[in-house]
Participant: 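Please see the structure below; I have some questions.
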Number of protein chains: 2
Amino acid sequence: MAVYTEVPDEALAAFLADYDIGGLLSYKGIAEGVENTNFYLHTTVGSYILTLYEKRVAEGDLPFFLGLMEHLAARGLACPQPIRNRAGTALGRLCGRPAVIVSFLDGVSVRRPGVRHCRALGRALAGLHAAGVDFPMRRPNALSVAAWRPLFAQAEAQADRVAPNLAARTRDDLARLEEAWPRDLPGGVIHADLFTDNVFFIGDAVSGLIDFYFACTDAFAYDLAICLNAWCFELDGSFNRTKGQAMIAAYQAARPLDPREVESLPLLARGAALRFMLTRLVDWLNVPPGALVKPKDPLEYDRKLAFHRRVTGAEEYGWTP
Amino acid sequence: MAVYTEVPDEALAAFLADYDIGGLLSYKGIAEGVENTNFYLHTTVGSYILTLYEKRVAEGDLPFFLGLMEHLAARGLACPQPIRNRAGTALGRLCGRPAVIVSFLDGVSVRRPGVRHCRALGRALAGLHAAGVDFPMRRPNALSVAAWRPLFAQAEAQADRVAPNLAARTRDDLARLEEAWPRDLPGGVIHADLFTDNVFFIGDAVSGLIDFYFACTDAFAYDLAICLNAWCFELDGSFNRTKGQAMIAAYQAARPLDPREVESLPLLARGAALRFMLTRLVDWLNVPPGALVKPKDPLEYDRKLAFHRRVTGAEEYGWTP
């Protein structure tokens with residue numbers, strides 16, 4: 001959470017002159033997003049977020065992300081709406097970086113979601129999957145099963161410094177998941193990073209989904225598996241089946257899971273946990289000196305993996321027919 | 001510029017329940033202020049800033065700062081208005097820290113002020129001094145001449161590591177300023193830190209003054225001297241007399257300087273430069289590991305001191321009768 005790029009007022013004024021969003025009244029660097037620099041903009045017309053993309057977002061992927069947000073917003077999904085400049089494009093440049101203005105979304109992210117939040121999230125996730133069905137662009141999931149072994153290779157030698165036997169556990173998980181990873185499940189656009197900080201609520205209702213910079217084309221049930229990991233574990237490491245049940249039931253009210261998805265859910269959840277354990281582990285072992293962002297704890301996902309390994313059926317996540 | 005304290009949504013909701021400012025729609029940590037943690041709050045009623053005071057602001061000083069902002073806002077000065085809770089107090093506690101909600105002010109701070117900004121600032125400074133005249137509380141300036149020698153003692157041994165002969169120059173400045181520092185100039189409430197980032201503009205007009213956490217009771221002309229230092233030097237280190245002239249003339253349109261103030265201006269400007277050189281030097285030599293904030297360059301003020309030492313009269317700052 002940091003402002004990586006300082007934007008002088010003159011540079012911002014010149015950038016905004018290309019947009020039809022009124023006169024600038026205020027802008028503040030905000031501590032949101034670990035990958036990019038974000039500013040809150042208040043103009044005579046409304047409120048916006050200005051994002052400068054730092055190096056972890058590949059510039060070539062931006063047309064997919066921005067096109068997706070436009071597509072979803074046009075279908076009524078509450079997500080940031082990219083604002084086009086007078087030349088008709090949403091993607092600009094500011095201070096040497098790709099830069100985009102999107103609509104501001106009200107809402108508060110909850111740090112400890114309750115059952116009602118999990119239910120609302122399940123409904124919102126199904127809405128996202130439905131709204132993306134006719135989105136024409138494709139982006140392979142760069143952090144799916146094929147990426148995990150190369151990720152692990154960056155961390156394997158030092159993994160046991162982080163937790164005893166972490167390397168051996170991870171080798172076993174990798175072998176099992178690579179062998180059994182389900183293919184050809186129903187799929188389309190998934191968010192792939194729908195953690196609590198990327199979901200805004202007003203009261204008990206979802207008011208917005210943000211941060212589409214891991215969005216890709218993959219199995220819908222994998223997105224649900226990511227959310228089960230991110231939303232339904234308690235601080236003591238236990239899985240809260242009531243929360244899982246609320247999330248899955250709300251999702252299924254809009255899009256029932258088919259039998260292969262149900263059967264695959266334990267493996268998908270285990271794979272999702274491995275994906276976040278691995279990226280966190282690599283970040284953990286590679287904190288640059290002077291980093292502004294504290295890396296997230298990979299062992300949170302090591303503990304979740306221990307749960308997933310013991311699961312024998314989707315019922316244990318709260319799935320009911 | 002950082003968020004030092006994470007505020008969970010549940011803690012914020014409980015805190016806001018004591019205030020009559022509508023329902024929370026959004027809050028964002030903002031990168032503003034190097035001393036405190038600030039959040040932008042958007043509610044069903046309006047926009048606010050929530051400040052959590054970190055350890056560099058003495059809790060005992062908060063009644064002065066908050067009382068002053070209330071006093072100034074009540075007199076129509078555009079400054080943050082502390083919001084009282086239902087118990088009638090503006091000062092609360094959140095996440096173990098003193099915390100205050102103030103009104104949100106629109107406006108943009110300019111990084112490279114032009115002559116018109118200096119003129120507007122001079123007018124606003126005079127307005128601040130006038131609005132504070134009947135404020136009943138007093139707070140001595142803890143960073144005036146008596147504080148400089150103890151500050152220097154913290155840095156003297158290492159000063160020449162920062163610039164050749166910096167220690168000797170500073171000893172000479174200290175001796176001269178301690179001997180000749182003017183007493184009993186016209187005074188009252190001064191801001192004492194009115195740098196460009198603490199002044200908001202909409203177009204060419206000042207829309208707000210913020211960050212009153214160095215405000216104190218001291219000579220009005222010293223506040224003007226701080227502003228001459230902060231606003232009227234060019235990036236190449238030269239003093240822009242046109243900017244100084246605009247600022248001083250605009251100030252004098254509301255409150256003409258008396259002959260002793262005019263005569264003292266060179267010494268006050270030199271003292272103001274020494275004050276910022278010294279606090280920056282101490283910070284520079286004491287950057288804690290993992291600091292979120294890059295310290296400001298003390299040598300910027302060493303260069304300004306070189307200018308002030310050669311000044312022989314207020315005319316060189318742009319003063320005209």
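It should be emphasised that the depicted structure is a prediction, and the values quoted were computed from it without experimental measurement. A note on names: the letters A, B, ... follow the listed sequences, proteins ahead of strands, and every chain is numbered from 1.
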Participant: According to side-chain hydrogen bond (donor to acceptor under 3.5 Å, both in side chains), who are the partners of A:Arg119, at least two apart in sequence or on a separate chain?
Facilitator: none
Participant: Search all heavy atoms of A:Arg112 against all heavy atoms of B:Asp9 and return the closest pair with its distance.
Facilitator: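 A:Arg112 and B:Asp9 have their closest heavy atoms at N-OD1, 4.5 Å.
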Participant: Of all the residues in residues 192-202 of chain B, which have a heavy atom that comes within less than 4.5 Å of a heavy atom in chain A?
Facilitator: B:Phe200, B:Ile202
Participant: Quick check on B:Ser207 against chain A: is it the side chain, the backbone, both or neither that has a heavy atom closer than 4.5 Å?
Facilitator: neither
Participant: State the CD1-CG distance between B:Ile30 and A:Asn38, to the nearest 0.5 angstrom.
Facilitator: 13.5 Å
Participant: Working to the nearest 0.5 Å, report the span between OH of B:Tyr40 and NE2 of A:His42.
Facilitator: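 So the OH of B:Tyr40 and the NE2 of A:His42 are separated by 6.5 Å.
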Participant: Identify, with sequence neighbours excluded, every residue that meets salt bridge (charged side-chain N to carboxylate O under 4.0 Å, His left out) alongside A:Arg241.
Facilitator: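 For A:Arg241, no residue satisfies salt bridge (charged side-chain N to carboxylate O under 4.0 Å, His left out) once neighbours in sequence are set aside.
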Participant: Looking only at atom types and distance, does a side-chain atom of B:Arg111 sit under 3.5 Å from a main-chain N or O of A:Glu10, one as donor and one as acceptor?
Facilitator: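 Checked: no pair found.
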Participant: How would you list, in number order, the residues of residues 13-26 of chain A that have a heavy atom less than 4.5 Å from chain B?
Facilitator: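 The list, in residue order, reads A:Leu24, A:Leu25, A:Ser26.
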